[in-house]
Amino acid sequence: MAVVSVRVEDAIGKVLGHDLTKIVPGEYKGPAFRKGHIIRPEDIPFLKNIGKEHIYLIDLAEGQLHENDAIRRMANAVAGDHVVLSDPAEGRINIKAGMDGLLKIEEQAVHAINLVEHAVLSTRHGNVLVKQGDLLAGVKVVPLVVEEQMVSTIEAIAAQYPPIISVKPLRQLKIGSVITGNEVYYGRIKDRFAPVFAEKAQFYNSILLGTVYCPDDRDQIKDAILTFKQQGADVIIASGGMSVDPDDVTSDAIAASGAEIVTYGTPVLPGAMFMVAYLGDTAVLGMPACGMFAKITVFDLVFPRILAGERLTRPDITNMGYGGLCLSCETCTFPNCSFGK
Ligand SMILES: Nc1nc2c(c(=O)[nH]1)N[C@H]1C(S)=C(S)[C@@H](COP(=O)(O)OP(=O)(O)OC[C@H]3O[C@@H](n4cnc5c(N)ncnc54)[C@H](O)[C@@H]3O)O[C@H]1N2
Ligand code: MOO
């Protein structure tokens, strides 16, 4: 490749080899001139004002790629379902959500690609809900010109993984809620869980089939779970009675329903006493009383994945320990924080 640096005064009539960026802090950041622009005499003062005394004219050799062609290939290699790619601008392609859904990122593949010299694949954390148009990742290369070999190495890495960046569509789920506890059932205290379930159902665009109240009685809780199963619930949530007291029988009731227990306990705080089980295809979740108190809990890490049609395994849950500690910030910014990442 010949990359020739010429004085801007000598570049009139020549073709610009890459986007030229203008930045005014707080006001503007973007391309002042795009690759392919033919330099005009009136451009000279403007170029000098953005600090350019020289510009590059590029003549690619065999086996070399301009940054824009390299990042187009890289972006296509990492893009899975329901994502859209921007055009290159300033040597970068943005990958955005093509629809609302659950963002999936193959983390190991991202690490492997970034080990390739000059590659830049910068992503968000996966397993969060995204809206159509949300930014998911940016793709760049460091130099203006790269060897084609570098890009084919990245394509080969990407081929070893499932789609690296994708968005899974969400289902609308039918939820049955079973609220347990003698103190609520016998009217000693006012129930505080039902409003939480109503809010969660609305937030996650799900349908609440109904709410059944049970005392701390294993068989009554079990029967309520089985009734919701018969009614076609996709998810059954049983609240309270999930910890260590003798009256805490909810986990026993879930087991007695015949559900297959994936985990009792999660390495997430709040949510240590949470249970994930499956009765056929119906997820049965044991929600400890922290779910009534904390705005965001392990439920908010688990539920989006169920919405996206995933059946959670024990490693899915145990992997949540790294980053599973909520800092209970005064102003909650979840999912834009370390919780669940
Ligand atoms: N010694 C230990 N104590 C606790 C442990 C532990 O491991 N060892 N775990 C703690 C964790 S973590 C959680 S979370 C809580 C809650 O556990 P439970 O799900 O068993 O909650 P309950 O005992 O049923 O109730 C606790 C508290 O919340 C009130 N409650 C429950 N449901 C309702 C409702 N629908 N409406 C209003 N109030 C409700 C209940 O009356 C109790 O005051 O345990 C920790 N403790
Ligand atoms: O299930 Mo409890 O969170 O750890 O509060």
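Whatever order the structure lists ligands and atoms in, that order sets their numbers, starting from 1.
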J.: Just to confirm my output: which protein heavy-atom neighbour is closest to atom 8 (N) of ligand 1, and how far is it?
T.: Val244 CG2, 3.4 Å

J.: With respect to Ser239, determine whether any N or O atom, backbone or side chain, lies less than 3.5 Å from an N or O atom of ligand 1.
T.: no

J.: Polar contacts were defined as any N/O atom of the residue lying under 3.5 Å from an N/O atom of the ligand; does this apply to Thr180 and ligand 1?
T.: no

J.: Using a strict 4.0 Å cut-off to heavy atoms of Gly240, name the atoms of ligand 1 that fall inside it.
T.: 19 (O), 24 (O)

J.: Checking the N or O distance criterion of under 3.5 Å, is ligand 1 in contact with Met242?
T.: yes

J.: Going by the order shown, which atoms of ligand 1 are within less than 4.0 Å of some heavy atom of Asp245?
T.: 23 (O)

J.: Distance to 0.1 Å, residue and atom name: give those for the protein heavy atom nearest to atom 3 (O) of ligand 2.
T.: Gly271 N, 2.6 Å

J.: Would you mind checking which non-hydrogen protein atom is closest to atom 36 (N) of ligand 1, with the distance to 0.1 Å?
T.: Arg192 N, 2.9 Å

J.: Identify whether the distance between the nearest side-chain nitrogen and carboxylate oxygen of Lys341 and Glu107 falls below 4.0 Å.
T.: no

J.: If the threshold is 4.0 Å, N to carboxylate O, is there a salt bridge linking Glu90 and Arg92?
T.: no

J.: Identify the closest protein heavy atom to atom 46 (N) of ligand 1: which residue and atom is it, and at what distance?
T.: Ser243 OG, 4.2 Å

J.: Got a salt bridge between Lys200 and Asp300, using NZ or NE/NH1/NH2 to carboxylate O under 4.0 Å?
T.: yes

J.: Heavy-atom contacts with Met273 under 4.0 Å: which atoms of ligand 2 show up? List them by number with element.
T.: 1 (O)

J.: For atom 19 (O) of ligand 1, decide whether some protein heavy-atom distance is shorter than 4.0 Å.
T.: yes

J.: With heavy-atom distances below 4.0 Å as the criterion, list the atoms of ligand 1 near Lys190.
T.: 36 (N), 37 (C)

J.: Can you list the ligand 1 atoms lying under 4.0 Å from a non-hydrogen atom of Ile189?
T.: 37 (C), 38 (N), 41 (O)

J.: Identify the protein heavy atom lying closest to atom 35 (N) of ligand 1, giving its residue, its atom name and the separation to 0.1 Å.
T.: Asp191 OD1, 2.9 Å

J.: Can you name the atoms of ligand 2, numbered from 1 with element, that are less than 4.0 Å from a heavy atom of Leu269?
T.: 4 (O)

J.: In the protein, which heavy atom is nearest to atom 26 (C) of ligand 1, and how far is it?
T.: Ala289 CB, 3.7 Å

J.: Protein heavy-atom contact under 4.0 Å for atom 10 (C) of ligand 1?
T.: no

J.: When you measure from atom 40 (C) of ligand 1 to every protein heavy atom, which one gives the shortest distance, and what is it?
T.: Glu183 OE2, 3.0 Å

J.: Kindly confirm or rule out an N or O of Cys290 lying under 3.5 angstrom from an N or O of ligand 1.
T.: no

J.: Same cluster or not: Leu209 versus Leu307, using hydrophobic residues (I, L, V, M, F, W, Y) connected whenever any side-chain heavy atoms lie under 4.5 Å apart?
T.: no

J.: Which atoms form the tightest heavy-atom contact between Gly291 and Val196, and what is the distance?
T.: O-CG1, 3.4 Å

J.: May I ask you to list the atoms of ligand 1 that are less than 4.0 angstrom from any heavy atom of Pro288?
T.: 14 (S), 19 (O)

J.: Does ligand 1 have an atom under 4.0 Å from some heavy atom of Met287?
T.: no

J.: Salt-bridge test for Asp234 and Arg171: reply yes if a basic N is under 4.0 Å from a carboxylate O, no otherwise.
T.: no

J.: Among all the protein's non-hydrogen atoms, which is closest to atom 7 (O) of ligand 1, and how far away is it?
T.: Met273 CE, 2.8 Å

J.: What about Gly241: any of its N or O atoms under 3.5 Å from an N or O on ligand 1?
T.: yes

J.: List the closest protein heavy-atom neighbour of atom 33 (C) of ligand 1: residue, atom name, distance to the nearest 0.1 Å.
T.: Met292 SD, 3.5 Å

J.: Answer yes or no: does atom CG of Asp245 have more than 12 heavy-atom neighbours from other residues, nucleotides or ligands under 6.0 Å?
T.: yes

J.: Salt bridge check, Arg7 against Asp10: does any charged N sit closer than 4.0 Å to a carboxylate O?
T.: yes

J.: Counting both backbone and side chain atoms, is some N or O of Cys290 under 3.5 Å from an N or O of ligand 2?
T.: no

J.: Please state which protein non-hydrogen atom is closest to atom 4 (O) of ligand 2 and give its distance, to 0.1 Å?
T.: Ala272 N, 2.9 Å

